[in-house]
Amino acid sequence: MADRNFSSSALVSTSIGSRSVFLGRAGHGSLGFGFKALGKSFGLGRSSRRNVAICSVGIAEVLTDAIKNVVLEDDSAKQQGLELLDSFSRLPDTSQVGVLGGSLLGWIYLTAKPGVFLGAVDAYFLAPVQAVLDRALGRRGLKRSDFVVGQKLGEGSFGTVYAGAILPKDFQQEQGIGKRSRRLEEYQGYKKFQKVTLKKVKMDVEGALESGEMEEWFNYRMARAAPDVCADFLGSFVADSTRGQFVEGGKWLVWKYEGDSTLADFMKDRRFPENLAEPLLGRSREKDPLKRKALTIRKILREILVALKKMHATGIVHRDVKPANLVVTNKAKLKFIDFGAATDLRVGKNYVPERGMLDPDYCPPELFVMPEETPRPPPAPIAALLSPILWQLNSPDLFDMYSVGIIFLQMASPNLRTPVAVEVMKKELSEVNFDLKAWRKRTRLRPNLELLELGAGRGWELASRLVCERRKRLSAAAALRHPYFLSF
Ligand SMILES: Nc1ncnc2c1ncn2[C@@H]1O[C@H](COP(=O)(O)OP(=O)(O)OP(=O)(O)O)[C@@H](O)[C@H]1O
């Protein structure tokens, strides 16, 4: 019955401007036939194919009406759209199948991980819009005199990090007392200044400047792709003169102040994970101390995985996942910092095949995100076009997942938190081919893993799917679907 509808020859004449475009049921009918044939090539049954065909005729009619009435204001564009649809409906059925199949496959490829299509939108549209918006909001064009540096928060190999504040405009001229710069507390009303976190890139360490440049690029990229999972980046500046902590020519990166403790700081405390139970769980009704600890760890792990899932979905592998690179904000949210070693495999940014620049304690056994023979990336647009193939073949995101597994084990067992224990564990794991179950039987470290045994040992099962050889490892999305997140 439906098939017969397609052969109806009633033509609809649409007058647009001075020209007429004919588009009729016959045209829609053959479009329906095209979809039917496409359905057949995808192995759909007879009735499903008929439904596909009916739908496609409906879609074509709606589309034509939309073009005619709503979507296109401009008459000439409207006409072109209708002509395109008309010429398509006049194509032989086999060509229609080819065009539809090709478009569908193209669309699947362009939207497959890490997302060539979204990458192009990001690079050619969102990035320039972000630059314009940031300039309007005063986030670009920052300068030394905008800031006052306070206490030191931490130090890594490539940078020293301080708490600080943005000086209100009327204070920016009165910079120093004699040769030294004013301390924050010496400004009147300093408590009301907007607090920031400042990172001074080490000028005398090889690779630090490059790492700083990368960190800046990745912070802008993350601010567009997944702003909620990384510290809120305000921009960068180069110091124009030497005063206090500022050294002329030195590069600084600035974030909104969200907290001064990392997960590493909380884990160093003997009360971990209880010290995070209240901020993370609130006034949970769970009174059993063991279960409360287990729930806290599960919440932390879920936050890390959700953040990584978002990061990986946009083609970024962090490559330095460790407790010291997860800030616990004042609102008890975990956010990633330190993107100096990150790599964007959508465009090949910061991907240097022969260089692994990683923390040995958390780095997976394979050491590299891609096999070592992967060549240097071609220019960004070509790298972007090839990225879905490389991603499918190599699953570079699994690199970060090993580090998550080590953090998970350390959170569960206090005697795996010391640097010595991590080193011993790494050596022992390599002796059993990174089989966590085999390691547990042999290890001298006597880890107390009772928190992972709750809920029929699902936590332990998940840990052994993270700390393992790459081909057995779970992605962030798969780990989040693990039954561990449903148990107890
Ligand atoms: N946005 C931030 N908020 C709070 N603390 C921060 C922030 N950024 C950095 N820190 C603190 O400074 C320390 C060093 O920062 P970071 O890891 O970025 O430096 P790095 O030199 O790149 O380190 P690495 O040696 O790990 O590469 C962090 O471990 C953390 O304690």
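Counting convention: from 1, in listed order, for ligands and their atoms alike.
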Going by ring pair (Phe, Tyr, Trp, His ring centres under 6.0 Å), name the residues that satisfy it together with Phe266, two or more places apart in sequence or in a different chain.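 None.
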Distances only, to 0.1 Å: what are the N or O pairs between ligand 1 and the protein that fall under 3.5 Å?
from	atom 1	to	atom 2	distance (Å)
ligand 1	17 (O)	Asn325	OD1	3.2
ligand 1	17 (O)	Asp338	OD2	3.1
ligand 1	18 (O)	Lys199	NZ	2.8
ligand 1	19 (O)	Lys199	NZ	3.2
ligand 1	21 (O)	Ser157	N	3.2
ligand 1	21 (O)	Phe158	N	2.7
ligand 1	21 (O)	Gly159	N	2.9
ligand 1	22 (O)	Lys199	NZ	3.0
ligand 1	22 (O)	Asp338	OD1	3.1
ligand 1	22 (O)	Asp338	OD2	3.2
ligand 1	23 (O)	Asp338	OD2	3.4
ligand 1	25 (O)	Ser157	N	2.7
ligand 1	25 (O)	Ser157	OG	2.6
ligand 1	26 (O)	Lys322	NZ	3.2
ligand 1	26 (O)	Asp338	OD2	3.2
ligand 1	27 (O)	Asp338	OD2	3.1
ligand 1	29 (O)	Ala324	O	3.0

Are more than 12 heavy atoms from other residues, nucleotides or ligands located less than 6.0 Å from atom NZ of Lys309?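 Open.
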Under the salt bridge (Lys or Arg N to Asp or Glu O under 4.0 Å) definition, can you give me all pairs with a residue in residues 406-426, not counting sequence neighbours?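 Matches after skipping sequence neighbours: none remain.
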Can you tell me how far apart CG (Leu462) and NE2 (His482) are? Round to the nearest 0.5 Å.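 It is 5.0 Å, given to the nearest 0.5 Å.
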If the condition is side chain to side chain donor-acceptor pair (under 3.5 Å), which residues does Lys441 pass it with, not counting sequence neighbours?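 Testing Lys441 for side chain to side chain donor-acceptor pair (under 3.5 Å), a comparison that skips the adjacent residues, returns none.
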Taking Glu453 as the fixed residue, which of Arg458, Lys291, Arg440 is the one that meets the salt bridge (charged side-chain N to carboxylate O under 4.0 Å, His left out) rule?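 Exactly one pass, corresponding to Arg440.
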